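A quick note: this is a predicted structure, and the numbers were derived from the prediction, not measured.
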Amino acid sequence: MPPEENQVPLLSDEESDQDVAYESGEKVHIVGIDEPGDEGLLGTPPFSWKKLWLFTGPGFLMSIAFLDPGNLEGDLQAGAIAGYSLLWLLMWATVIGLLVQLLSARLGVATGRHLAELCREEYPIWARMVLWVMAELALIGADIQEVIGSAIAIKILSNGALPLWAGVIITACDCFIFLFLENYGVRKLEAFFAVLIATMAVSFAWMFGETKPSGTELLLGVLIPKLSSKTIKQAVGVVGCIIMPHNVFLHSALVQSREIDHTKKGRVQEALNYYSIESAAALLISFIINLFVTTVFAKAFYGTEVASTIGLVNAGQYLQDKYGGGLFPILYIWAIGLLAAGQSSTITGTYAGQFIMGGFLNLKLKKWLRALITRSFAIVPTMIVALVFDTSEAALDVLNEWLNVLQSIQIPFALIPLLCLVSKEQIMGTFKIGSVLKTIAWLVAVLVILINGYLLFDFFSNEVAGVMFTSIVFAFTGAYIAFIFYLVSRGFTSSAWRRLSPAK
């Protein structure tokens with residue numbers, strides 16, 4: 001048996017009948033994991049490009065949440081209203097997002113379980129049910145934006161022949177694409193997402209080339225922090241849409257798609273190293289794509305009368321009016337990129353929904369049934385939205401603001417449990433985060449929560465009216481804050497968590 005200090009937490013044999021992210025036969029085999037002499041491995045194996053390639057995939061699926069239609073709308077509004085001045089914030093928000101996602105991956109790799117499963121074990125029934133409902137609401141809110149984004153793209157590409165509701169139905173079928181690809185293995189699914197990310201990159205790079213934003217202003221915007229009272233709302237939006245609650249749950253599950261020997265500290269550290277590299281590379285690409293979108297709209301509309309009226313629905317037409325013609329109309333280039341963003345994010349939303357439902361409720365359902373249930377949660381309200389708001393761009397923008405608020409409300413309920421769990425030795429063993437990283441992570445969490453708190457305060461101060469509505473909002477706010485304090489206080493007290501037994 002390996003030495004005691006070389007062991008890390010692992011799911012015990014008696015719990016192997018529970019719902020898991022991936023069955024052993026579905027996992028990607030990593031070359032060298034069972035090579036001769038591996039039994040006595042103490043240190044981390046040397047770097048291998050071949051292994052990095054085999055570990056590459058989960059980070060790129062995770063990065064899609066940084067490129068969904070909600071983020072694209074935040075990008076174009078930041079560019080149109082604030083010009084190049086918020087590019088530095090976009091960069092640092094991406095760095096913050098990377099930190100959170102690396103902690104999520106660390107949790108999944110070190111424990112062999114994902115965040116929703118661990119929440120089910122860590123919290124009492126009432127608390128975990130609240131967390132589950134909040135995670136589902138966050139997922140539904142994100143999915144509505146993503147599906148509507150796809151539907152808008154389909155409407156553009158069909159020259160208006162297909163209304164929003166028809167685009168919603170077409171997008172709903174992506175869960176069958178997901179199931180079909182998943183049948184052929186994790187790597188096939190990851191390759192499909194790689195194609196969609198490449199499509200976004202090419203589309204928005206093409207737009208960048210067509211509009212020719214200023215390279216000097218772009219560089220200054222990235223390097224020199226600027227913030228004015230006129231752009232504070234866009235700044236809050238840039239940070240607020242980077243951390244997606246469902247994505248925190250998703251990444252901790254995706255990393256389990258690789259075969260890792262949890263009884264050897266060196267193998268676990270090796271996996272963490274490779275996942276860190278590929279996640280950083282994936283988010284670098286997502287940052288560049290977001291940079292393209294922001295600078296295109298900064299060049300085209302900053303300082304113009306229409307800057308404050310641009311949203312997903314009319315952005316393509318505004319671009320066409322200003323830059324139409326060319327080898328390929330810019331309206332369709334925008335629509336292709338938007339469609340790739342919407343389709344990829346809705347499929348990863350289906351993926352996240354499966355892990356969230358299975359983890360919190362420990363439901364061992366057939367994949368097609370779980371995907372159908374997960375998809376229905378979002379598609380039904382999205383269809384209602386499409387039918388009601390199809391003829392009103394202004395109403396659709398207001399709805400989008402409400403959905404952003406819904407996302408902001410949910411962030412603490414993914415972030416706080418993650419930080420509490422990844423700090424506990426009973427759960428993480430030798431891979432718990434150190435005091436310095438723990439301090440940085442909590443400061444980041446407080447910053448993100450305060451920024452989103454400002455967004456909520458600003459929104460409700462403008463939207464809430466009437467004694468009854470105000471009373472409901474205050475009552476909800478009190479319960480909301482009390483639950484956040486409960487989660488934080490529980491994280492800093494000794495848990496009743498029993499130590500997970502390492503494999504013998």
Side-chain angles (χ1 to χ4, degrees), residues 21 58-68 70-71 93-111 113-120 122-123 128 130-143 146 239-257 272 275-276 279-280 282-283 286 345 348-360 374 406-424 427-428 433 437-438 440-442 444-449 451-452 484 487-488 491:
F60 282 87
L61 266 68
M62 168 273 295
S63 73
I64 285 168
F66 290 69
L67 297 167
D68 70 359
N71 277 276
T94 305
V95 172
I96 289 173
L98 175 61
L99 172 62
V100 172
Q101 295 303 149
L102 289 181
L103 291 178
S104 175
R106 188 184 189 93
L107 182 72
V109 172
T111 64
R113 308 176 78 178
H114 58 82
L115 181 57
E117 290 177 304
L118 292 167
C119 285
R120 187 182 75 236
E122 175 70 10
Y123 296 101
R128 70 172 180 254
V130 172
L131 288 173
W132 172 61
V133 170
M134 291 299 182
E136 291 289 357
L137 287 174
L139 183 60
I140 290 170
D143 217 16
E146 293 156 1
V239 178
C241 65
I242 284 295
I243 297 179
M244 306 287 282
H246 73 275
N247 208 39
V248 179
F249 287 96
L250 175 65
H251 200 196
S252 65
L254 290 175
V255 295
Q256 293 173 47
S257 61
L272 289 174
Y275 280 136
S276 297
S279 295
L283 289 194
S286 75
S345 55
T348 53
T350 302
Y351 221 1
Q354 288 195 326
F355 294 133
I356 289 170
M357 179 181 290
F360 276 109
T374 302
L406 179 64
Q407 291 288 337
S408 299
I409 289 174
Q410 313 304 329
I411 285 177
F413 305 129
L415 205 49
I416 294 174
L418 172 67
L419 296 186
C420 292
L421 291 168
V422 84
S423 303
K424 290 189 176 183
I427 296 170
M428 298 292 293
I433 58 175
L437 182 55
K438 183 177 179 180
I440 293 172
W442 276 105
V444 165
V446 170
L447 175 65
V448 171
I449 290 171
I451 287 173
N452 282 280
I484 289 177
L487 293 176
V488 173

Original post:
Taking all atoms of both residues into account, what is the closest heavy-atom pair of A138 and Q410, and its distance?
Top reply: CB-CG, 3.4 Å
Original post:
Hey, are the side chains of P412 and L487 touching, using non-hydrogen atoms and a 4.5 Å cut-off?
Top reply: no
**OP:** With rounding to the nearest 0.5 Å, note down the distance linking CE in M244 to CD in Q101.
**Re:** 10.5 Å
Original post:
Can you name the residues that form a side chain to side chain contact (heavy atoms under 4.5 Å, CB included) with I96, not counting sequence neighbours?
Top reply: I243, V444, L447, V448
**OP:** Search all heavy atoms of L102 against all heavy atoms of S279 and return the closest pair with its distance.
**Re:** CD2-CB, 3.9 Å
**OP:** Answer whether the closest heavy-atom distance between the side chains of D143 and H246 falls below 4.5 Å.
**Re:** no
**OP:** Output the distance between atom OG (S286) and atom CG (L98), rounded to the nearest 0.5 Å.
**Re:** 9.0 Å
**OP:** Measure across F413 and L131 and return the closest heavy-atom pair with its distance rounded to 0.1 Å.
**Re:** O-CD2, 3.5 Å
Subject >> Pairwise distance CG(L283) to CZ(F60) - rounded to 0.5 angstrom >> reply: 9.0 Å
Original post:
Is the closest side-chain heavy-atom distance between M62 and Y275 below 4.5 Å?
Top reply: no
Subject >> Closest non-hydrogen atom pair between W132 and I356, with its separation >> reply: CD1-CG2, 3.9 Å
Subject >> Qualifying residues under side chain to side chain contact (heavy atoms under 4.5 Å, CB included), relative to V130, sequence neighbours excluded >> reply: W126, M134, F483
Original post:
Is there a side-chain contact between L107 and V255 (heavy atoms, below 4.5 Å)?
Top reply: no
**OP:** Give, for atom CG of L103 and atom CG of L418, the distance between the pair rounded to the nearest 0.5 Å.
**Re:** 5.5 Å
**OP:** Provide the closest heavy-atom pair for F249 versus S252 in the form atom of the first, atom of the second, distance.
**Re:** O-OG, 2.8 Å
Subject >> CD1-OG distance between I433 and S423, expressed to the nearest 0.5 angstrom >> reply: 3.5 Å
**OP:** Would you sort out whether E122 and R128 count as a side chain to side chain contact (heavy atoms under 4.5 Å, CB included), showing the intermediate values?
**Re:** CA-CA 8 Å; E122 175 70 10; R128 70 172 180 254; over 6 Å; no
**OP:** Output the distance between atom CG (L115) and atom CG (L421), rounded to the nearest 0.5 Å.
**Re:** 6.5 Å
Subject >> Nearest non-hydrogen partners of V422 and R106, listed with the distance >> reply: CG2-CD, 4.1 Å
**OP:** State which residues pass side chain to side chain donor-acceptor pair (under 3.5 Å) with W442; sequence neighbours excluded, sorted by chain then number.
**Re:** none
Original post:
Passes side chain to side chain contact (heavy atoms under 4.5 Å, CB included), Q256 versus F355? Steps please.
Top reply: CA-CA 12 Å; Q256 293 173 47; F355 294 133; over 6 Å; no
Original post:
Among all residues two or more places apart in sequence or in another chain, which pass the side chain to side chain contact (heavy atoms under 4.5 Å, CB included) test with S257?
Top reply: Y22, P58, V186, E190
Subject >> Pairing residues for S345 by the side chain to side chain contact (heavy atoms under 4.5 Å, CB included) criterion, not counting sequence neighbours >> reply: I64, D68, P69, E146, T348
